[in-house]
**Student:** 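Take this structure first; my questions come after.
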Amino acid sequence: QLQLVESGGGLVQPGGSLRLSCAASGLSLEYFAIGWFRQAPGKEREGISCASSTDGSTYYSDSVKGRLIVSRDHAKNTVYLQMSSLKPEDTAVYYCVATSPLRTTVQTMCTMPWRIEFSSWGQGTQVTVSS
């Protein structure tokens with residue numbers, strides 16, 4: 001059974017950077033499509049980045065495009081979300097999710113997650129962007 005644990009959140013000033021980690025145990029993330037979602041207080045959950053494990057495709061939402069990069073370290077069985085030029089509106093709890101096999105596109109995984117049977121959700125890590 002796959003288990004995911006996020007870390008790396010914290011308080012950062014506007015314009016700053018953070019790197020979130022999603023460490024997996026139980027199974028290898030190499031075979032899983034990975035998604036990053038976030039939820040701010042009073043707002044709906046938003047899929048901000050989803051990446052395939054097979055074809056290299058990656059989706060970024062318009063709200064984060066150009067400011068986020070997803071990467072994998074297979075040796076550490078960990079996925080990273082590098083965030084830069086952070087804005088106050090990026091304040092949220094960030095979650096990583098995994099699914100295998102991904103029978104649709106990474107865009108669908110992020111924008112219509114109700115269509116996906118996720119193997120695991122992490123517990124979330126809080127990111128606060130404030131001066």
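Quick note: residue numbers are just sequence positions, from 1. Hydrogens, waters and symmetry mates play no part in the numbers below; they use all other heavy atoms, side chains included.
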**Student:** Can you name the residues that form a side chain to side chain donor-acceptor pair (under 3.5 Å) with E46, not counting sequence neighbours?
**Tutor:**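 For E46, the residues satisfying side chain to side chain donor-acceptor pair (under 3.5 Å) (neighbours in sequence not counted) are R38, S63.
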**Student:** Do the side chains of Y95 and L4 join up, straight or via other hydrophobic residues, at under 4.5 Å, putting them in one cluster?
**Tutor:**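 No, Y95 and L4 fall in different hydrophobic clusters.
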**Student:** Using the ring of each side chain (for Trp, its six-membered ring), is F37 parallel, tilted or perpendicular to W121, with breaks at 30° and 60°?
**Tutor:**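 If you compare the ring of F37 with that of W121, the planes turn out tilted.
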**Student:** Could you pull out all donor-acceptor pairs under 3.5 Å where a side-chain atom in residues 76-83 meets a protein atom, sequence neighbours excluded?
**Tutor:**
unit_1: N77; atom_1: OD1; unit_2: L29; atom_2: N; d: 2.7
unit_1: N77; atom_1: ND2; unit_2: A24; atom_2: O; d: 3.2
unit_1: N77; atom_1: ND2; unit_2: L27; atom_2: O; d: 2.9
unit_1: T78; atom_1: OG1; unit_2: K76; atom_2: O; d: 2.8

**Student:** P88: what forms a side chain to side chain contact (heavy atoms under 4.5 Å, CB included) with it, not counting sequence neighbours?
**Tutor:**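 In terms of side chain to side chain contact (heavy atoms under 4.5 Å, CB included), with neighbours along the sequence ignored, P88 is linked to P14, V129.
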**Student:** Can you name the side chain to side chain contact (heavy atoms under 4.5 Å, CB included) partners of T99, sequence neighbours left out?
**Tutor:**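 Residues passing side chain to side chain contact (heavy atoms under 4.5 Å, CB included) with T99: A33, L102, M109, I116, F118.
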**Student:** Distance from Q1 atom CD to S120 atom OG, nearest 0.5 Å?
**Tutor:**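 Those atoms lie 7.0 Å apart.
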**Student:** Can you give me the closest heavy-atom contact between C110 and S49, atom names plus distance?
**Tutor:**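 Closest approach of C110 to S49, heavy atoms only: SG-C, 3.3 Å.
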**Student:** If hydrophobic clusters are built by linking Ile, Leu, Val, Met, Phe, Trp and Tyr wherever their side-chain heavy atoms come under 4.5 Å apart, do L20 and I34 end up in the same one?
**Tutor:**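 As far as the 4.5 Å side-chain criterion goes, I34 and L20 are connected within one cluster.
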**Student:** For the CD atom of Q107 and the OG atom of S52, what is their distance to the nearest 0.5 Å?
**Tutor:**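 The OG atom of S52 is 14.0 Å from CD of Q107, to the nearest 0.5 Å.
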**Student:** Determine yes or no for a side-chain-to-main-chain donor-acceptor pair under 3.5 angstrom, with Y60 supplying the side chain and V70 the backbone.
**Tutor:**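 Confirmed, Y60 side chain pairs with V70 backbone.
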**Student:** Enter the distance from R67:CZ to S17:OG here, rounded to the nearest 0.5 Å.
**Tutor:**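 That separation rounds to 10.0 Å.
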**Student:** Of all the heavy-atom pairs spanning Q39 and R45, show the shortest one and how long it is.
**Tutor:**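 For Q39 versus R45, the nearest heavy atoms are NE2-N, 3.8 Å.
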**Student:** With sequence neighbours left out, write down each residue that passes side chain to side chain contact (heavy atoms under 4.5 Å, CB included) with T128, or none if nothing qualifies.
**Tutor:**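 Result, side chain to side chain contact (heavy atoms under 4.5 Å, CB included) vs T128: L11, T91, Q126, S130.
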**Student:** Could you list the residues that satisfy side chain to side chain contact (heavy atoms under 4.5 Å, CB included) with E89, not counting sequence neighbours?
**Tutor:**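 With neighbours one apart ignored, the set is K87.
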**Student:** If I take atom CG from residue L2 and atom OG from residue S25, how far apart are they, to the nearest 0.5 angstrom?
**Tutor:**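 One finds 7.0 Å between CG of L2 and OG of S25.
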**Student:** Quick check on the hydrophobic clustering: are V97 and V5 connected, directly or via other members, by side-chain heavy-atom contacts under 4.5 Å?
**Tutor:**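 Different clusters.
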**Student:** Find out whether R72 and S53 are in side-chain contact, i.e. whether some heavy atom of one side chain is under 4.5 Å from a heavy atom of the other.
**Tutor:**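 When only atoms from C-beta onward are counted, S53 and R72 do touch, with a gap below 4.5 Å.
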**Student:** Just wondering, do S119 and F32 contact through their side chains at under 4.5 Å, heavy atoms?
**Tutor:**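 Heavy-atom side-chain distance check passes, below 4.5 Å.
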**Student:** Report the distance from atom OG1 of T125 to atom CD of Q123, rounding to the nearest 0.5 Å.
**Tutor:**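 So the gap between those two atoms works out to 7.0 Å.
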**Student:** Could you tell me whether a side-chain N or O of E6 sits under 3.5 Å from a main-chain N or O of C96, the two making a donor and an acceptor?
**Tutor:**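 At least one qualifying donor-acceptor pair exists.
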**Student:** Examine V12 and W36 and state if one hydrophobic cluster contains both, with Ile, Leu, Val, Met, Phe, Trp and Tyr joined whenever side-chain heavy atoms are less than 4.5 Å apart.
**Tutor:**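 Yes, one cluster joins them.
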**Student:** Do V106 and I48 share a hydrophobic cluster, counting only Ile, Leu, Val, Met, Phe, Trp and Tyr and linking them when any side-chain heavy atoms are less than 4.5 Å apart?
**Tutor:**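 Unlinked, V106 and I48 end up in two clusters.
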**Student:** With a 3.5 Å distance limit and no angle check, can you tell me whether T108 reaches the backbone of T104 through a side-chain donor-acceptor pair?
**Tutor:**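 Side chain of T108 to backbone of T104: no pair is present.
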